[in-house]
Undergrad: 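Can you keep this structure in mind? I'll have questions shortly.
Everything numeric here is computed off the predicted structure, so don't read it as measured data. So you know, we letter chains A, B, ... as the sequences are listed, proteins then strands, and number each from 1.
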Number of protein chains: 2
Amino acid sequence: MRTTIKDVARAAGVHSSTVSRVINRKPCISQETVKRVFSAIEQLNYTPNALARSLKTKKIQTLAMLIPDISNPFFAELARGVEDTANQYGYNVILCNTDDCFEKEVTYLKLLAEKRVEGLIVATAQIRDKSILELGKTGCPYILLSRNIKGLQENSISIDDIAGGYLATEYLISLGHRNIAHIAGPYNTTTALDRIKGFKKALLTYGVPFQKQYIGEGDFRITGGYQVMKQFLELENPPTAVFTANDLLAVGAIEAIRENGFDVPADISIIGFDDIKLASYFSPPLTTIRQPMVEMGSLAIVKLLERIEHNITHPNILIKPELVVRKSCRRIN
Amino acid sequence: MRTTIKDVARAAGVHSSTVSRVINRKPCISQETVKRVFSAIEQLNYTPNALARSLKTKKIQTLAMLIPDISNPFFAELARGVEDTANQYGYNVILCNTDDCFEKEVTYLKLLAEKRVEGLIVATAQIRDKSILELGKTGCPYILLSRNIKGLQENSISIDDIAGGYLATEYLISLGHRNIAHIAGPYNTTTALDRIKGFKKALLTYGVPFQKQYIGEGDFRITGGYQVMKQFLELENPPTAVFTANDLLAVGAIEAIRENGFDVPADISIIGFDDIKLASYFSPPLTTIRQPMVEMGSLAIVKLLERIEHNITHPNILIKPELVVRKSCRRIN
DNA sequence: AATTTTTTTGAAATTACTTTGATTTATTCC
DNA sequence: GGAATAAATCAAAGTAATTTCAAAAAAATT
């Protein structure tokens, strides 16, 4: 049997409600009793039971974070920002890997609702995500991070994907490329779709015709980049430059290019997206579009807590992307 | 006011204890009432309160995982294994980044104790870690993952670091190297110390003299590898091969080597440790010692749950490391 | 049909805390 | 010194479930 507040009360010769007041630093307690209570706590090695407390106060000081896969460096950095800031505010965060699988997401959400977590960071949203929509109804505060769902005007934080896609493509065009391909993310994410929009917008702006065979759907992972790139390489007219929707896709694409005996950037230029920590250590160092992942995770928590603690909602936040030039792209004639 | 079990009971025309029985699939309930209760639950959109349940049952189905930094790919992969398997068994896991900072570790442990998490995966242990030792006293089940503490004979899971260090060094020696340096991890981790032991053991076995200036303390991160390598390069007799205590240190070392105008592996060979997912995509593809991170994380949970649910302790588990040859080492005359 | 047994349900206690209102004790003021 | 006020403490109710024991209803047995 663990020691309870009553044991402490008995040892200190006071009532349990007094002990509660001491622990929670409520006013109207004599110095004398404070001392007695604390010494009893120490002596009995008492640890308050947060479950019982939360049952009454309805504050449990834990959040949860839904991401596809923590072993993906993009989400790991996001998670670092999230956890750090949550911890600063006295909250713990439960980690959930969904693998972008709907059933997993639903199961997690149900479990988390039972545990009464106070808020959610959701980085797994798909374009039409019924379970997120339902989240709104249950009243559990949430912030969509990095991915949005169609039509939602508030409570999301993400990079300006359209601007990012535009920036990447514009850069390739500025280097003289015309045959520019795009390895996109999964089409059921706003992230992927918006980067495509930016890609097309840049082509249009600079009068480069869009060619359907120059776009392929990847999975935001190395293997996807490899596979789509292989298809591009089989084309009659392979692209001279490829914009990949994230850095991992770029890694896969580079591997495919090498395997076919070509070089990056001599034969084909590659630009990624995210700027994960290791991007500058790839071969060649990867030119990419930077997202401030840690800061975004941190901001997501700040906004989530504003919602939880002061019921403030805010319109969607768009972070400005940034071009990071390294060595995976080259100018052509 | 959220709907409670009593609301459901009222709606179904039964007592709350009956509803509880239905939810928990206890025997001795008529089909009739089961149906009525479930329909009431559905109608009222009832979600049981796990806090209240846990208060009574003392089972909260949540674990926690202490790691230095989730944005380090090694720990991210470990975390993936941990979370996946925990989830399979119906547990959630709270993520804690300590940055190897003692105060943070202590603060987390206190918070987690109050929340009554049922078990801990600890990947932050330092050689003499008072807070871990105290964990043993409080009776909270835990598994030390990847790092051990001095003298502990049970409840840890890690790679055989001595064997790993030996394997790496032996490989460099087999390629003809004699001037072999080692960039170690922080000296307050068993991981670092044991890999050093393996390093020295191999040197001894093959009659290569150990030179004090050929060993330096890193931080398991890119910057540390860079800094220590810079020092090696200033030596009168720089090493022809370097064994780094993890892959990130290798990345930093390679950068330093390049900056000084040398090439890997032409001038200096590098072998890492861990085999993080991206290791094969560095330039050059990194030769390294593989740890099965995901499997280790998974195993840690299995063993932790054995302890929690059946009170089984087990002696320390040592996983066998494996040499992965890629292109960052070369044979010399 | 009466009795026993089994199944089903309900009432009350329990879990460990917080909080409100009441009561006691101490302090201030006239 | 007594009344009014303020400070300190206690008692009891509330939080939302589970669980045990007892009672009622149904089924089985004689």
Side-chain angles (χ1 to χ4, degrees), chain A residues 1-38 40-41 44-62 110-118 138 140, chain B residues 1-38 40-41 44-62 110-118 138 140:
Chain A
M1 243 335 36
R2 259 187 123 126
T3 69
T4 72
I5 201 170
K6 283 194 180 170
D7 301 322
V8 175
R10 205 174 306 124
V14 295
H15 194 263
S16 64
S17 54
T18 306
V19 177
S20 172
R21 274 208 197 78
V22 172
I23 291 171
N24 296 299
R25 288 171 174 68
K26 292 271 170 74
C28 290
I29 310 251
S30 70
Q31 280 306 100
E32 168 62 19
T33 43
V34 168
K35 221 176 278 175
R36 278 226 310 288
V37 167
F38 273 127
I41 287 176
L44 297 177
N45 202 10
Y46 169 68
T47 308
N49 185 328
L51 293 177
R53 170 182 295 156
S54 300
L55 185 58
K56 180 74 183 174
T57 63
K58 310 205 175 295
K59 280 171 198 147
I60 122 168
Q61 303 283 111
T62 61
K110 201 174 158 223
L111 223 59
L112 296 169
E114 293 193 356
K115 291 196 174 159
R116 301 291 194 258
V117 295
E118 282 166 280
T138 66
C140 178
Chain B
M1 238 347 23
R2 259 186 122 125
T3 70
T4 72
I5 200 170
K6 284 193 180 173
D7 301 322
V8 175
R10 204 172 309 122
V14 295
H15 194 263
S16 64
S17 53
T18 305
V19 177
S20 171
R21 277 199 198 89
V22 172
I23 292 171
N24 297 297
R25 290 170 172 69
K26 292 272 170 75
C28 291
I29 309 250
S30 70
Q31 279 305 98
E32 170 60 20
T33 44
V34 169
K35 222 176 278 177
R36 278 225 310 288
V37 168
F38 274 127
I41 287 176
L44 297 177
N45 203 9
Y46 167 69
T47 309
N49 186 328
L51 293 176
R53 170 182 295 157
S54 299
L55 186 58
K56 180 74 184 177
T57 62
K58 308 203 176 301
K59 281 173 197 147
I60 123 170
Q61 304 284 111
T62 60
K110 203 176 156 220
L111 223 59
L112 296 169
E114 293 193 356
K115 291 197 174 158
R116 300 292 195 261
V117 295
E118 283 166 279
T138 66
C140 178

Undergrad: May I ask you to say what A/Leu55 touches in the nucleic acid, namely base, sugar-phosphate or nothing, with a heavy-atom cut-off under 4.0 Å?
TA: base
Undergrad: Would you kindly give the CG-to-P distance between B/Leu51 and C/dT18, to the nearest whole Å?
TA: 14 Å
Undergrad: Of all heavy-atom pairs between A/Val117 and A/Cys140, which one has the smallest distance, and what is that distance?
TA: O-SG, 4.1 Å
Undergrad: Distance under 4.0 Å to a non-hydrogen atom of chain A counts as contact; along DNA chain D, which nucleotides mark the start and end?
TA: D/dA8 to D/dA16
Undergrad: If you look at every heavy atom in A/Ala40 and A/Ala12, which pair is closest and at what distance?
TA: CB-CB, 4.0 Å
Undergrad: Which of the following nucleotides, C/dT9, C/dA16, C/dC17, is nearest to the side chain of B/Ser30?
TA: C/dT9
Undergrad: Atom CG in B/Asn49, atom NZ in A/Lys115: separation rounded to 0.5 Å?
TA: 12.0 Å
Undergrad: How many angstroms lie between atom CG of B/Asp7 and atom CD1 of B/Ile41, to the nearest 0.5 angstrom?
TA: 12.0 Å
Undergrad: Is A/Pro27 touching bases, backbone alone, or none of the nucleic acid, heavy atoms closer than 4.0 Å?
TA: nothing
Undergrad: Nearest heavy-atom pair of B/Val19 and B/Ile5: which atoms, and what distance?
TA: CG1-CG1, 3.5 Å
Undergrad: Within this structure, what is the CD1-CZ distance for the pair A/Ile23 and A/Phe38, rounded to the nearest 0.5 Å?
TA: 7.5 Å
Undergrad: Check B/Thr18 against B/Ile29 and note the closest heavy-atom contact, atom names and distance.
TA: O-CD1, 4.1 Å
Undergrad: What bend angle does the helix from C/dA1-D/dT30 to C/dC30-D/dG1 show across its length, from five-pair end axes and to the nearest 10 degrees?
TA: 40°
Undergrad: Roughly, in whole Å, what's the span from CD in B/Glu32 to C1' in C/dT9?
TA: 13 Å
Undergrad: Measure from NZ on B/Lys6 to P on C/dA11 and round the result to the nearest Å.
TA: 11 Å
Undergrad: Tell me, which of residues 14-25 of chain A have any heavy atom that sits under 4.0 Å from an atom in DNA chain C?
TA: A/Ser17, A/Ser20, A/Arg21, A/Asn24
Undergrad: Tell me the interatomic distance from B/Asn49, atom CG, to C/dC17, atom P, rounded to whole angstroms.
TA: 17 Å
Undergrad: Which pair of non-hydrogen atoms, one from A/Ala113 and one from B/Arg2, has the smallest distance, and what is that distance?
TA: O-NH2, 4.5 Å
Undergrad: When you match B/Lys58 and B/Cys28 each to their closest nucleotide on DNA chain C, which lands nearer the 5' end?
TA: B/Cys28
Undergrad: Please tell me if A/Lys26 has a side-chain N or O lying less than 4.0 Å from either OP1 or OP2 of C/dT18.
TA: no
Undergrad: For residues A/Arg53 and A/Asn24, determine if any side-chain heavy atom of one lies less than 4.5 Å from a side-chain heavy atom of the other.
TA: yes
Undergrad: Side chains of A/Arg116 and B/Thr47, heavy atoms from C-beta outward: is any pair under 4.5 Å?
TA: yes
Undergrad: Give a yes or no on whether the backbone of A/Lys59 and the side-chain of A/Glu118 come within a donor-acceptor separation of less than 3.5 Å.
TA: no
Undergrad: For a quick check of understanding: with a heavy-atom distance under 4.0 Å over all strands, which category does B/Thr33 fall into, base, sugar-phosphate or nothing?
TA: sugar-phosphate
Undergrad: Check the distance between C/dT8's C1' and B/Arg36's CZ and give it to me in whole angstrom.
TA: 12 Å
